[in-house]
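What follows is a single structure, written as structure tokens, with notes after it.
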Amino acid sequence: MAAGATPLAPNARSVRNVAFVEGVRTPFGKAGEKGMYAGTRADDLVVNAIRELLRRHPGLPPERVDEVAIAATTQIGDQGLTIGRTAALLAGLPKSVPGFALDRMCAGAMTAVTTTASGIGIGAYDIAIAGGVEHMGRHPMGEGVDPNPRIIADKLVDPTALVMGQTAENLHDRFPAITKQRTDAFAARSQEKYAEAVKTGKIGPELVPVATRSKELGWGLATEDEPPRPGTTVEQLAGLKTPFRPHGRITAGNAAGLNDGATAALLADEDTARELGLPIGMRLVGYSFAGVEPEVMGIGPVPATEKLFKRTGLSIDDIGLFEINEAFAVQVLAFLDHFGIADDDPRVNQWGGAIACGHPLASSGVRLMTQLSRQFAERPDVRYGLTTMCIGIGMGGTVIWENPAFEGAK
């Protein structure tokens with residue numbers, strides 16, 4: 001310690017290892033009056049996910065949870081009122097457990113994880129629950145917002161920056177090598193991989209059944225994702241309309257839809273996890289967020305990932321598994337092209353992605369993490385994996401994880 005420096009407090013801690021114990025999610029639904037969650041409250045979706053985490057880990061005393069962080073992009077109605085706190089109360093956690101809400105648009109749940117993980121790392125928490133919810137049927141993206149007119153009037157951003165589909169068209173303009181034919185082919189493969197993952201039981205164990213109610217059909221039970229279209233072909237995708245630009249390239253087939261759903265993850269200090277007998281699904285290595293021009297927000301994962309590689313000392317060659325959010329196929333392909341990865345690389349989204357299963361905005365980051373954690377358990381030959389996503393208003397976020405089951409080179 002330098003001369004004259006103030007000594008650390010007696011109980012101050014060095015940075016600790018953060019474990020991703022487990023993640024769960026509700027089945028994702030289609031937004032709108034005909035969607036399976038049309039009569040279900042948004043907060044009830046995330047409450048179901050939190051309760052399931054507690055049910056799966058009975059050795060965790062509920063009072064040991066130090067924080068509940070829940071993200072939502074549209075924080076009004078049944079997604080408002082500091083939903084992290086209200087969801088904790090509704091899920092049956094003790095009133096002594098605090099909670100908060102946050103918003104980073106599509107990366108809400110990702111930010112809930114990185115924020116609480118940081119707290120665990122420095123010793124502010126031992127255990128946290130982090131996740132997200134989006135009921136786009138009840139709360140369409142942008143509902144109730146009032147953007148400052150100077151954003152456009154002062155030319156701070158291009159007007160297309162506020163329409164995500166138009167930002168994806170802009171990305172096509174910037175990277176003409178990413179053709180509609182490539183994005184359609186990628187989208188068809190996403191549907192195919194997802195369908196195979198469901199058939200083989202890769203997708204399913206992380207799902208939380210949710211009771212639903214319909215005025216016409218009465219009570220029901222959601223047990224599987226609603227958006228997938230198995231059997232989708234490139235030929236079918238080629239004929240879809242391009243709503244964001246005449247003769248454009250973005251369609252309902254090569255982009256994620258409008259969806260409802262929730263996710264939740266259990267995070268813990270690694271020593272605390274062992275003390276309580278909690279499994280360690282993966283270990284946090286590092287994370288990074290970066291800003292880009294809002295009108296091409298889909299390129300955000302590239303600088304976020306490059307920034308993180310510099311901070312961790314890793315490179316693209318160290319990553320054995322990728323979970324990239326498929327907000328738009330063009331955004332994924334821009335990432336792959338930048339790093340010299342083939343469109344059909346088996347390391348990428350091996351169980352399909354959001355084009356198939358859906359993208360309920362603020363919840364999706366934990367879906368990516370949950371799938372990566374489950375893939376790690378099957379792949380002791382892989383040490384590092386990456387979850388990344390583009391973020392509205394011009395950002396990207398990336399998290400690198402380490403596989404605790406890694407057996408090293410054999």
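We count residues from 1, following the sequence as given. No hydrogens, no waters, no symmetry mates; every other heavy atom, side chains included, goes into these values.
Taken from OG in Ser373 to CG in Leu321, the straight-line distance is 11.0 Å, to the nearest 0.5 Å.
Salt bridge absent: Glu270 and Arg16 never bring a charged side-chain N and a carboxylate O closer than 4.0 Å. No salt bridge links Glu206 with Arg367; every basic N to acidic carboxylate O contact stays at or beyond 4.0 Å. Ion pairing between a basic and an acidic side chain is recognised when a charged N comes within 4.0 Å of a carboxylate O; Glu293 and Arg174 show such pairing. Of the charged side-chain nitrogens involved, none lies within less than 4.0 Å of a carboxylate oxygen, so that Asp269 and Arg274 do not count as a salt-bridged pair. The pair Glu52-Arg56 counts as a salt bridge, with a side-chain nitrogen and a carboxylate oxygen less than 4.0 angstrom apart. Between Glu275 and Arg64 a salt bridge is recorded (basic side-chain N to carboxylate O distance below 4.0 Å). Using a cutoff of 4.0 Å between basic side-chain nitrogens and carboxylate oxygens, Arg25 and Asp225 are scored as salt-bridged.
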Let me see the working for Glu326 and Asn349 under side-chain hydrogen bond (donor to acceptor under 3.5 Å, both in side chains), right down to the final yes or no. CA-CA 9 Å; Glu326 297 172 0; Asn349 295 5; 2.9 Å; yes
One pair to check against salt bridge (Lys or Arg N to Asp or Glu O under 4.0 Å): Lys202 and Glu378. What are the steps and the verdict? CA-CA 10 Å; Lys202 307 296 186 184; Glu378 299 181 350; 3.0 Å; yes
For Ser363 and Thr263, what are the C-alpha separation, side-chain angles and deciding distance, and is it a side-chain hydrogen bond (donor to acceptor under 3.5 Å, both in side chains)? CA-CA 5 Å; Ser363 69; Thr263 59; 4.8 Å; no
Side chain to side chain contact (heavy atoms under 4.5 Å, CB included) evaluation trace for Thr116 with Val18: CA-CA 10 Å; Thr116 52; Val18 180; over 6 Å; no
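For the 3.5 Å distance criterion, the side chains of Glu134 and Gln79 qualify, holding a donor opposite an acceptor.
By the 4.5 Å heavy-atom criterion applied to side chains, Phe335 and Phe322 are counted as neighbours.
With hydrogens and angles disregarded, no donor-acceptor distance shorter than 3.5 Å links the side chain of Glu63 to the backbone of Ser96. Not one N or O on the side chain of Asn48 forms a donor-acceptor pair closer than 3.5 Å with the backbone of Leu45. Distance alone, capped at 3.5 Å, places no donor-acceptor pair between the Gln371 side chain and the Leu368 backbone. With hydrogens and angles ignored, the 3.5 Å screen pairs a side-chain donor or acceptor of Asn259 with a backbone N or O of His359. Between the side chain of Arg283 and the backbone N or O of Pro404 there is no donor-acceptor pair closer than 3.5 Å. Between the side chain of Asn403 and the main chain of Val382, a donor-acceptor pair closer than 3.5 Å is present. The backbone N or O of Gln236 sits less than 3.5 Å from a side-chain atom of Thr233, completing a donor-acceptor pair. His172 contributes a side-chain N or O that, together with a main-chain N or O of Ile178, makes up a donor-acceptor pair within less than 3.5 Å. Although no hydrogens or angles enter the test, the distance criterion places no donor-acceptor pair under 3.5 Å between the side chain of Glu169 and the main chain of Gly165.
Put simply, the residue from Leu308, Thr312, Asn17 that forms a side chain to side chain contact (heavy atoms under 4.5 Å, CB included) with Val285 is Thr312. Of the candidates Asp260, Asp78, Asp44, Asp78 is the only one forming a salt bridge (Lys or Arg N to Asp or Glu O under 4.0 Å) with Arg138.
Note that Arg104 lies in the cation-pi zone of Phe289, set by a 6.0 Å cut-off to the ring centre and a 45° limit from the axis. With a 6.0 Å cutoff to the six-membered ring centre and a 45° limit on the axis angle, Arg311 does not count as a cation-pi contact of Phe309.
In this structure, Glu143 places its CD atom where more than 12 heavy-atom neighbours from other residues, nucleotides or ligands lie under 6.0 Å away. The 12-atom threshold is exceeded at CZ of Arg347, counting heavy atoms of other residues, nucleotides or ligands nearer than 6.0 Å. Around atom CG of Leu258, no more than 12 heavy atoms belonging to other residues, nucleotides or ligands sit under 6.0 Å away.
Ring centroids of Phe20 and Trp401 are separated by less than 6.0 Å, placing the two rings close together.
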